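Remember, predicted model here, so these are calculated numbers, not experimental data. Numbering of ligands and ligand atoms starts at 1, following listing order.
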Amino acid sequence: MTEKKQVPVITVDGPSGSGKGTVGQMLAQKLGWHFLDSGALYRITAFASQAQGIDMTDETQVAQVAKDLDIKFIPQKNAPPSVSLAGKEIGDALRTEEIAELASQVAVMPQVRAALLLKQQAFARLPGLVADGRDMGTNVFPAARLKIYLTANPEIRAQRRYKQLKEKGFDVNLARLLEEIQVRDARDQARTVAPLKPAVDAHILDSSGLDAQEVVQKVLDLLDSKTGSIK
Ligand code: C5P
């Protein structure tokens, strides 16, 4: 068992723009649990590798960067945790489409995934953890108490990403975003190690016609029906 048994974990996996980040954070806040944005670890690996000028196709070097990451997540109220790398705040530089694309390229590398596995599992601390990503339920926390796989149709996901990036002041194009999201999804689903897919015991939720609050309520109801307690 890779997971600390006594720590309850909810995994929220799914493709870009499915709403898992927003939903995951809201859930963690409601439950008073810790939150892991595992995509941020892949983004930071890509960001730090690029900053160090290393060859992004050299798996061993990128994996070494992943192993050596000195990162801190500082929780924010009603916003994603702020990230510091080697004591320096990175801010929105992690959220660009360029870094998302590079993150998805380094995420294919088995040595990188192996380097990040224990770092992710270390986030499981009492009173509980909500972990968001692509392989939380299948690979990182296989014994999670509740596994959610969140989907939404690609157009809606592209619109959500568009809105998020615009709000951060990025200059983005909706049609291009849709294409980029589809390329990343295909790569994430096709890779041999820990591909994006629902765990066999995951609950699949389609968030296309729902707002984040409604999805959170559905997850809390599922948690309730499993445990009959925490809310
Ligand atoms: O979720 P986010 O968009 O920040 O993730 C960026 C990339 O990191 C994804 O496209 C995916 O390739 C990779 N990733 C992953 N496994 C995770 C989380 C993210 O492979 N658990």
Basic-acidic side-chain contact under 4.0 Å: R95, D37: yes
D135, portion touching ligand 1 at heavy-atom distance under 4.0 Å: both
Nearest neighbour in protein (non-hydrogen) for atom 8 (O) of ligand 1: Y42 CB, 3.5 Å
Sub-4.0 Å atoms of ligand 1 with respect to non-hydrogen atoms of K20: 1 (O)
Heavy-atom nearest neighbour in the protein, as seen from atom 18 (C) of ligand 1, with distance rounded to 0.1 Å: S38 OG, 3.4 Å
Atom 16 (N) of ligand 1 [closest protein heavy-atom partner, distance rounded to 0.1 Å]: R113 NH2, 3.0 Å
Shortest reach to atom 9 (C) of ligand 1 by a heavy atom, considering only E180, R184, R134: R134
Min side-chain heavy-atom separation L36-M136 under 4.5 Å: yes
Test: R134 and D13 ion pair at under 4.0 Å: no
K72 atom NZ, neighbour heavy-atom count above 12 within 6.0 Å: no
Beyond-backbone contact of D70 with L85, side-chain heavy atoms, under 4.5 angstrom: no
Under 3.5 Å side-chain donor-acceptor pair for D68 and Q64: yes
Part of R187 with heavy atoms under 4.0 Å of ligand 1, whether side chain, backbone, both or neither: neither
Heavy-atom nearest neighbour in the protein, as seen from atom 7 (C) of ligand 1, with distance rounded to 0.1 Å: A103 CB, 3.9 Å
side-chain hydrogen bond (donor to acceptor under 3.5 Å, both in side chains) assessment of R160 paired with S207: CA-CA 11 Å; R160 287 181 184 155; S207 71; 2.9 Å; yes
Salt bridge flag under 4.0 Å for residues E101 and R187: yes
Any Q105 heavy atom less than 4.0 Å from ligand 1: no
R43, any N or O under 3.5 Å of ligand 1 N or O: yes
Cluster overlap I156 with I148, hydrophobic side-chain contacts below 4.5 Å: no
Per-atom contacts of ligand 1 with D188, taking only distances under 4.0 Å to non-hydrogen atoms: 9 (C), 10 (O), 11 (C), 12 (O)
For A107, atoms of ligand 1 separated by under 4.0 Å from a heavy atom: 12 (O), 13 (C), 20 (O)
Polar atom proximity, D132 to ligand 1 (N or O, under 3.5 Å): no
Verify same cluster id: Y149, F35 (apolar side-chain graph, 4.5 Å): no
NZ/NE/NH1/NH2 to OD/OE distance under 4.0 Å, E97 and R161: yes
Atom 19 (C) of ligand 1: the protein heavy-atom neighbour that sits closest, reported with distance to 0.1 Å: G39 CA, 3.5 Å
G133 neighbourhood, listing ligand 1 atoms whose heavy-atom distance to it stays under 4.0 Å: 18 (C), 21 (N)
Contact atoms of ligand 1, heavy-atom distance to M136 under 4.0 Å: 21 (N)
For ligand 1, the portion of R191 having any non-hydrogen atom under 4.0 Å away: side chain
